[in-house]
*Asks:* 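The structure is given below, and queries will be raised subsequently.
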Amino acid sequence: SLNGNDVIYIGGVNLDRNLYAFDTSGNSRTYALTAYPNSSPAIAADGTIYIVDFNGLLHAITDTGTTLSAAWTHATNNSAASSPAVSPNGTKVYFGSYNQTIGVRAVNTAAPHTTWSIVTGGWTVGVAPAVDESGNIFVPCYGDKKIYGLTQTGANKWSAYPTGGKMFSSAAINSANTPIYVASDKLYAMNISNGSQKWTTPFTVAGADFLSYSPVVDAAGKIYAPCSNGNLYILQDNGTSASILASYAADAGYTFSMPAIGSDGTIYVESTNGKLYALGVVDTTPPTLSSLILSPVSPVKAGTVTFTLTF
């Protein structure tokens with residue numbers, strides 16, 4: 001995850017119980033969790049970092065630029081099973097659950113406590129909610145194959161079957177708050193007001209899917225969608241259809257994770273080959289960090305590989 005100053009926050013894996021922060025100058029710092037991270041971090045507008053660990057603790061962490069320290073922790077009774085999402089005003093944190101009777105939970109950030117939870121038709125495990133500028137929440141559900149549109153108070157706005165298949169990844173919303181993008185066998189665009197389908201990706205990749213790969217959208221509306229075939233696809237939403245602007249391939253046999261977008265439009269994306277890529281700019285002096293683990297999926301080695309991507 002990236003904050004507004006292009007500081008990258010990444011959780012460790014396996015026996016690594018740390019949250020790592022590093023900036024474009026190569027400075028790094030760590031925060032020790034009580035267990036290995038169960039999610040990617042989320043960053044509030046005020047810079048607070050939220051992350052869930054495998055003990056079910058939701059951590060609120062502050063970053064002074066030199067030190068990561070705890071603001072508070074909140075026990076979720078081991079129900080937290082996704083990356084958190086923060087409301088636009090920073091007053092609530094939302095996450096999906098292992099518990100089928102607590103599909104989505106909201107935690108108050110000022111005095112940490114659960115303010116509401118709602119029942120979905122199954123687990124929302126691994127699926128971070130998406131939040132629009134009005135505070136509405138959208139969460140795909142692995143269990144019943146629906147995506148739920150909720151108000152900031154937890155009331156159900158709509159639910160829909162966009163794909164007919166299971167969804168492991170988070171939804172993405174563009175800056176205009178018009179469509180919402182959901183990944184499954186293909187990438188789907190849905191009307192944010194009622195959940196109706198607008199389009200699906202204009203191609204099918206044999207033996208590949210977008211099932212476990214969350215898309216992101218940049219300020220210009222371009223969609224970045226990792227695929228299980230190892231490609232990162234860049235698409236343009238044309239309203240009723242989508243067109244492919246470009247694609248970038250990971251090394252043979254590897255795949256990309258969910259991208260993050262820097263303040264200058266640079267796309268940062270990790271590959272399962274143990275490399276972190278910066279797409280869109282040329283950087284001749286990338287930061288290097290020793291023994292850094294950069295992914296909730298696989299351990300990686302130090303270093304940054306930078307490429308130029310034009311379209």
*Asks:* To the nearest 0.5 Å, what is the distance between OG (S159) and NZ (K146)?
*Replies:* 4.0 Å
*Asks:* For L235 and A225, which heavy atoms make the closest approach, and how far apart are they?
*Replies:* CD1-CB, 4.2 Å
*Asks:* Among side-chain atoms of T64 and T66, is any donor-acceptor pair under 3.5 angstrom?
*Replies:* yes
*Asks:* Would you please name every residue forming a side chain to side chain contact (heavy atoms under 4.5 Å, CB included) with T115, sequence neighbours left out?
*Replies:* K92, A106, N108, H113
*Asks:* Between F95 and W72, is there shared hydrophobic-cluster membership here, with clusters defined by ILVMFWY side-chain heavy atoms closer than 4.5 Å?
*Replies:* yes
*Asks:* Between V7 and R29, does the side-chain contact (heavy atoms from CB on, under 4.5 Å) criterion hold? Intermediate values first, please.
*Replies:* CA-CA 11 Å; V7 178; R29 44 208 175 269; 3.7 Å; yes
*Asks:* I'd like to know if the side chain of R17 and the backbone of T34 have a donor-acceptor N/O pair within less than 3.5 Å.
*Replies:* yes
*Asks:* Just checking, any donor-acceptor pair under 3.5 angstrom between side chains of N238 and W199?
*Replies:* no
*Asks:* Can you see which heavy atom on L232 is nearest to which on P226, and at what distance?
*Replies:* CD1-N, 3.7 Å
*Asks:* What's the spacing between S271 OG and D251 CG if we round to 0.5 Å?
*Replies:* 6.0 Å
*Asks:* Checking T91 against T109: is there a side-chain donor and acceptor pair closer than 3.5 Å?
*Replies:* no
*Asks:* Within the distance-only criterion (no hydrogens, no angle test), does the side chain of N18 pair as donor or acceptor with the backbone N or O of Y20 below 3.5 angstrom?
*Replies:* no
*Asks:* When you group the ILVMFWY residues by side-chain heavy-atom contacts below 4.5 Å and let the links chain together, are V217 and I244 in the same group?
*Replies:* yes
*Asks:* What I'd like to find out is whether the side chain of T240 reaches to under 4.5 Å of the side chain of K198, using heavy atoms alone.
*Replies:* no
*Asks:* Restricting to non-hydrogen atoms, name the atom on D63 and the atom on A21 that form the minimum distance, rounded to 0.1 Å.
*Replies:* OD2-CB, 4.3 Å
*Asks:* Check each of W116, Y50, F138, Y148 against Y94 using the ring pair (Phe, Tyr, Trp, His ring centres under 6.0 Å) test, and report the only one that passes.
*Replies:* W116
*Asks:* Going through the checks in order, is the side chain to side chain donor-acceptor pair (under 3.5 Å) test met by N89 and S87?
*Replies:* CA-CA 6 Å; N89 60 11; S87 64; 2.8 Å; yes
*Asks:* For A70, enumerate each residue passing the side chain to side chain contact (heavy atoms under 4.5 Å, CB included) test, keeping only those at least two apart in sequence or located in another chain.
*Replies:* Y31
*Asks:* Under the side-chain contact (heavy atoms from CB on, under 4.5 Å) criterion, do I173 and I192 qualify, and how do the steps go?
*Replies:* CA-CA 9 Å; I173 305 172; I192 202 167; 3.9 Å; yes
*Asks:* Could you check if a side-chain atom of L279 sits within less than 4.5 angstrom of a side-chain atom of T266, using non-hydrogen atoms only?
*Replies:* no
*Asks:* For L19 and G11, which heavy atoms make the closest approach, and how far apart are they?
*Replies:* CD1-N, 4.2 Å
*Asks:* Quick one: pull up OG1 in T151 and CG in N136 and give me the separation to the nearest 0.5 Å.
*Replies:* 7.0 Å
*Asks:* Where do L58 and V93 land on the side-chain contact (heavy atoms from CB on, under 4.5 Å) test, with the steps shown first?
*Replies:* CA-CA 9 Å; L58 173 64; V93 175; 4.2 Å; yes
*Asks:* Less than 4.5 Å apart, any side-chain heavy atom of V216 and any of I261?
*Replies:* yes
*Asks:* Show the nearest heavy-atom pair for residues I51 and P37, with the distance to one decimal.
*Replies:* CD1-CB, 3.9 Å
*Asks:* Should the pair Y277 and F256 be assigned to parallel (<30°), tilted (30 to 60°) or perpendicular (>60°) ring geometry?
*Replies:* perpendicular
*Asks:* Measure the spacing between CD1 of I8 and CD1 of I10 and express it to the nearest 0.5 Å.
*Replies:* 6.0 Å
*Asks:* Under the side-chain contact (heavy atoms from CB on, under 4.5 Å) rule, what do I147 and V139 come out as? Steps first, then yes or no, please.
*Replies:* CA-CA 6 Å; I147 181 168; V139 57; 6.0 Å; no
*Asks:* Mind checking whether L245 and V269 sit in one hydrophobic cluster, side chains of I, L, V, M, F, W, Y counted as touching below 4.5 Å?
*Replies:* yes
*Asks:* What closest approach, in Å, do A160 and M190 show between heavy atoms, and which atom pair accounts for it?
*Replies:* CB-CE, 4.0 Å
*Asks:* Can a donor-acceptor pair be found, under 3.5 Å and without considering hydrogens, that links the side chain of T62 to the backbone of T48?
*Replies:* no
*Asks:* Rounded to the nearest 0.5 Å, what's the gap from OG on S214 to OH on Y181? Could you check?
*Replies:* 15.0 Å
*Asks:* Flag the pair I43 / V86 as yes when at least one side-chain heavy-atom distance between them is below 4.5 Å, and no otherwise.
*Replies:* no
*Asks:* Hey, does the side chain of S196 reach the backbone of N191 with a donor-acceptor pair shorter than 3.5 angstrom?
*Replies:* no
*Asks:* Do Y188 and I180 have side chains that approach each other closer than 4.5 Å (heavy atoms only, starting at C-beta)?
*Replies:* no
*Asks:* Consider only side-chain N and O atoms of D16 and Y36, and report whether a donor and an acceptor are under 3.5 Å apart.
*Replies:* no
*Asks:* Rounded to the nearest 0.5 Å, how far apart are CD1 of I234 and OH of Y248?
*Replies:* 10.5 Å
